[in-house]
Amino acid sequence: MTISLVILENIAAIAMALMVDRIRWFKNLFRSIFYFPTLLSGIVMGFVWAMILNYNFGVVNKILDAVGLGGWTVDWLGDPKYAMLSIILSTVWKGAGYYMIIYLAGLQGIPADLSEAASIDGANGWQQFRYITFPLLAGSMTVCMVLSMISALKIFDQIAVMTDGGPGFATETLTYIIYKVGFGELRQGFGTALAMVLFVIILIITVIQVKILRKREVQY
């Protein structure tokens with residue numbers, strides 16, 4: 001789940017940042033629309049998506065029925081094959097806008113002369129992004145990937161509201177287990193030990209991640 005969230009959130013954030021940076025009309029409107037989900041708390045977001053993905057009256061299954069794809073309707077939160085996917089996609093929807101702002105700041109800090117020179121030399125849009133924009137976003141990417149990794153490892157609100165760790169144990173995370181053990185089973189000592197394990201895991205992964213990502217940062 002953590003790997004999927006880090007990858008998907010950053011891909012979505014870069015795509016939205018590029019769109020907002022390049023469009024001429026309604027730039028502030030799109031920026032607000034993309035950023036709005038981050039203003040919702042995890043609890044509120046969880047309730048909203050639990051309603052959207054509900055098997056009986058959820059919007060997703062209703063739309064599938066309406067367009068003649070009733071055979072594709074599934075219990076998004078009650079089927080172990082789809083429950084974690086539903087958590088991941090809803091979390092990407094909520095978090096990508098926050099990272100978009102960081103990438104947008106990085107894009108606006110890239111000198112326009114570089115893209116203009118590349119365009120004169122015959123580079124197309126993809127080549128400009130691959131060889132100019134993407135390398136120069138490395139600093140922003142370091143920040144966003146570290147923050148998204150930490151957020152993914154300690155995710156709790158959405159799981160507590162949408163699936164309660166189920167079905168079975170399909171969506172249980174270490175953070176949710178800490179809550180269940182510490183508050184549900186009143187084993188505070190064990191819960192505290194698990195919390196320390198989570199802290200060590202986050203610390204180790206963060207240090208490794210920063211060292212790796214720092215190596216690809218370039219100066220301009």
Least distance between heavy atoms, [X] atom then [Y] atom:
X: Ile155; Y: Ala152; result: CG2-O, 3.2 Å
X: Ala17; Y: Leu104; result: O-CD1, 3.7 Å
X: Val20; Y: Ile23; result: O-CG1, 3.7 Å
X: Leu137; Y: Gly106; result: CD2-C, 3.8 Å
X: Arg31; Y: Met100; result: O-CE, 3.9 Å

Evaluate the side-chain proximity of [Y] to [X]: yes if any heavy-atom separation is below 4.5 Å, no if none is.
X: Thr38; Y: Ile101; answer: no
X: Lys81; Y: Val74; answer: no
X: Met1; Y: Thr91; answer: no
X: Asn61; Y: Phe57; answer: no
X: Met45; Y: Asp157; answer: no
X: Met16; Y: Phe30; answer: no

Practice task
Hey, could you give me each pair passing ring pair (Phe, Tyr, Trp, His ring centres under 6.0 Å) that has a residue in residues 93-121? Not counting sequence neighbours.
Solution key: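 Residue pairs passing ring pair (Phe, Tyr, Trp, His ring centres under 6.0 Å), neighbours aside: Trp49-Trp93.
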
Taking [Y]'s backbone N and O only, do any of them form a donor-acceptor pair with [X]'s side chain (distance below 3.5 Å, no angle check)?
X: Gln127; Y: Asn124; result: yes
X: Gln128; Y: Ala123; result: yes
X: Lys94; Y: Gly42; result: no
X: Ser115; Y: Ala112; result: no

Between [atom1] on residue [X] and [atom2] on residue [Y], distance to nearest 0.5 Å:
X: Thr133; Y: Leu136; atom1: OG1; atom2: CG; answer: 7.0 Å
X: Ser90; Y: Leu53; atom1: OG; atom2: CG; answer: 7.0 Å
X: Met162; Y: Asn54; atom1: CE; atom2: CG; answer: 11.0 Å
X: Leu89; Y: Trp76; atom1: CG; atom2: CH2; answer: 9.0 Å
X: Leu114; Y: Ser119; atom1: CG; atom2: OG; answer: 12.5 Å
X: Ser86; Y: Asp79; atom1: OG; atom2: CG; answer: 9.0 Å

Exercise for the section: For atom CZ of Phe156, decide whether the heavy atoms of other residues, nucleotides or ligands shown that lie under 6.0 angstrom number more than 12. Expected result: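 More than 12 within 6.0 Å, yes.
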
Decide whether [X] and [Y] are clustered together by the hydrophobic rule: side chain heavy atoms of Ile, Leu, Val, Met, Phe, Trp, Tyr closer than 4.5 Å, transitively.
X: Phe129; Y: Ile11; answer: no
X: Met51; Y: Leu77; answer: no
X: Leu147; Y: Phe199; answer: no
X: Leu69; Y: Val60; answer: yes
X: Ile63; Y: Tyr55; answer: no

Which atom pairs, donor and acceptor, lie under 3.5 Å between side-chain atoms of residues 165-194 and protein residues at least two apart or in another chain?
from	atom 1	to	atom 2	distance (Å)
Thr171	OG1	Thr163	OG1	2.7
Thr171	OG1	Gly165	O	3.2
Thr171	OG1	Gly166	N	3.4
Thr171	OG1	Gly166	O	2.6
Glu172	OE2	Lys180	NZ	2.4
Thr173	OG1	Tyr176	N	3.3
Thr175	OG1	Leu153	O	3.1
Tyr176	OH	Asp164	O	3.1
Tyr176	OH	Asp164	OD1	2.2
Glu185	OE1	Arg187	NE	3.0
Glu185	OE1	Arg187	NH2	2.7
Thr192	OG1	Gln188	O	2.8

Exercise for the section: Have a look at Thr206 and tell me which of Ile208, Ile204, Leu203, Ile202 forms a side-chain contact (heavy atoms from CB on, under 4.5 Å) with it. Expected result: Ile202

